[in-house]
Amino acid sequence: VKEEGKETITEADIAAFRKYVAEVAPGIPYEFVDNYIDVVGTDEKAYGVFANGMAKIFKGATRGSEYHELMEGIWNGFLSPEQQQAIIDEFKSSKGKFTDRETGKKIAYSDATYTQAKERIMDNFSDFRLGKLPAKNISEKILRFFKAIINWIKNLLVNDKLQKAL
């Protein structure tokens with residue numbers, strides 16, 4: 001699972017992530033763990049997983065893994081299958097190729113499987129949050145998705161706090 005030449009999460013990254021989640025997605029539980037995460041049903045290990053309603057992230061993971069798992073929680077917890085498919089379709093309509101993180105192969109956007117597309121979208125969100133992927137490099141629908149989800153969760157929190165105050 002170690003990706004050569006990739007930076008690992010630092011304590012400062014963890015602190016920034018905790019602050020970000022508190023602001024935009026406090027309803028999504030997460031934890032940082034000291035060991036690689038077992039992939040159920042295989043002998044493989046992973047940097048992170050979103051399972052049973054919780055994101056688990058290995059403290060030694062590649063920077064961005066924490067945002068990938070957060071987006072998995074948002075994807076699985078807040079989007080309907082129709083919304084998910086619309087985003088996948090938008091991704092697959094892009095021109096050119098992307099590098100599949102799992103295999104390292106270049107894949108035409110239009111040829112991506114559902115899982116390859118979803119994983120790349122999650123990685124794009126991570127890169128976007130870390131400032132590695134400028135907004136101009138993300139398709140308009142996917143960028144709107146990132147922003148809309150963040151704003152929707154923020155509004156949900158504000159409304160919840162307001163309702164409690166009343």
Side-chain angles (χ1 to χ4, degrees), residues 1-81 83-85 87-88 91 97-107 109 111-135 137-138 142-143 145-150 152-154 156-157 160:
V1 290
K2 181 78 175 152
E3 295 178 68
E4 293 301 318
K6 300 282 185 173
E7 297 177 52
T8 56
I9 297 172
T10 65
E11 287 300 321
D13 292 326
I14 292 172
F17 178 75
R18 289 183 196 283
K19 182 178 181 209
Y20 181 74
V21 172
E23 291 172 5
V24 302
I28 297 179
Y30 66 89
E31 69 177 333
F32 286 90
V33 297
D34 294 326
N35 298 305
Y36 288 109
I37 297 151
D38 292 322
V39 178
V40 177
T42 73
D43 292 334
E44 295 180 26
K45 305 283 185 188
Y47 284 146
V49 65
F50 189 87
N52 301 318
M54 175 179 261
K56 291 186 179 185
I57 305 111
F58 170 49
K59 289 179 184 173
T62 300
R63 279 186 84 220
S65 297
E66 66 277 36
Y67 293 104
H68 178 112
E69 297 310 327
L70 174 66
M71 186 54 71
E72 290 276 2
I74 292 169
W75 183 271
N76 290 311
F78 295 102
L79 297 180
S80 70
Q83 290 168 318
Q84 292 172 357
Q85 190 60 54
I87 292 165
I88 294 292
F91 177 87
K97 295 182 177 188
F98 69 97
T99 302
D100 178 52
R101 181 176 36 86
E102 193 70 25
T103 64
K105 294 180 180 177
K106 293 274 188 187
I107 298 172
Y109 286 95
D111 293 339
T113 66
Y114 182 93
T115 300
Q116 288 168 330
K118 182 180 77 74
E119 291 298 309
R120 184 67 254 166
I121 291 165
M122 303 299 123
D123 289 343
N124 284 352
F125 178 74
S126 299
D127 290 346
F128 177 70
R129 282 296 310 144
L130 295 175
K132 296 178 181 179
L133 183 63
N137 291 355
I138 302 172
I142 293 173
L143 181 60
F145 159 65
F146 290 164
K147 290 181 178 180
I149 290 294
I150 291 165
W152 181 78
I153 293 171
K154 283 181 180 177
L156 185 67
L157 294 174
D160 186 50

Over all atoms of both residues, closest heavy-atom pair of [X] and [Y]:
| X | Y | answer |
| --- | --- | --- |
| V39 | A46 | CG2-CB, 3.8 Å |
| S126 | G64 | OG-O, 2.8 Å |
| G60 | Y47 | O-CE2, 4.3 Å |
| N76 | F50 | ND2-CD2, 4.1 Å |
| I57 | A61 | CG2-CB, 4.4 Å |
| A25 | L70 | CB-CD1, 3.9 Å |

Please indicate whether E31 has more than 12 foreign heavy atoms, meaning atoms of other residues, nucleotides or ligands, lying under 6.0 Å from its CD.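 Yes, CD of E31 has more than 12 neighbouring heavy atoms, counting only those of other groups under 6.0 Å.
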
If we ignore hydrogens and angles and just use 3.5 Å, is the side chain of Q84 paired with the main-chain N or O of W75 as donor and acceptor?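 Yes, because the side chain of Q84 sits within donor-acceptor range (under 3.5 Å) of the backbone of W75.
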
Side chain to side chain contact (heavy atoms under 4.5 Å, CB included) assessment of L79 paired with I87: CA-CA 10 Å; L79 297 180; I87 292 165; 4.1 Å; yes

Gap separating the [atom1] atom of [X] from the [atom2] atom of [Y], nearest 0.5 angstrom:
| X | Y | atom1 | atom2 | value |
| --- | --- | --- | --- | --- |
| D123 | K118 | CG | NZ | 10.0 Å |
| M54 | I28 | CE | CD1 | 11.5 Å |
| K45 | I37 | NZ | CD1 | 10.0 Å |
| T103 | Q116 | OG1 | CD | 6.5 Å |
| T113 | E119 | OG1 | CD | 9.0 Å |
| H68 | I121 | NE2 | CD1 | 10.5 Å |

Would a 4.5 Å heavy-atom cut-off, applied to side chains only, mark [X] and [Y] as touching?
| X | Y | result |
| --- | --- | --- |
| R120 | D100 | no |
| K97 | I107 | no |
| L130 | Y67 | yes |

What is the ring orientation for Y20 with F125, classed by angle as parallel under 30°, tilted 30 to 60°, or perpendicular over 60°?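 It falls in the tilted class, 30° to 60°.
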
Look at the rings of F91 and F98 and say which category their plane angle falls in: under 30° parallel, 30 to 60° tilted, over 60° perpendicular.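 The arrangement is perpendicular - the two ring planes meet at more than 60°.
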
Going by atom type alone, with no hydrogens or angles, which donor-acceptor pairs under 3.5 Å involve a side-chain atom of residues 11-19 and a protein atom two or more places apart or on another chain?
| from | atom 1 | to | atom 2 | distance (Å) |
| --- | --- | --- | --- | --- |
| D13 | OD1 | R63 | NE | 3.2 |
| D13 | OD1 | R63 | NH2 | 3.3 |
| D13 | OD2 | T10 | N | 2.9 |
| D13 | OD2 | T10 | OG1 | 3.1 |
| D13 | OD2 | R63 | NE | 3.0 |

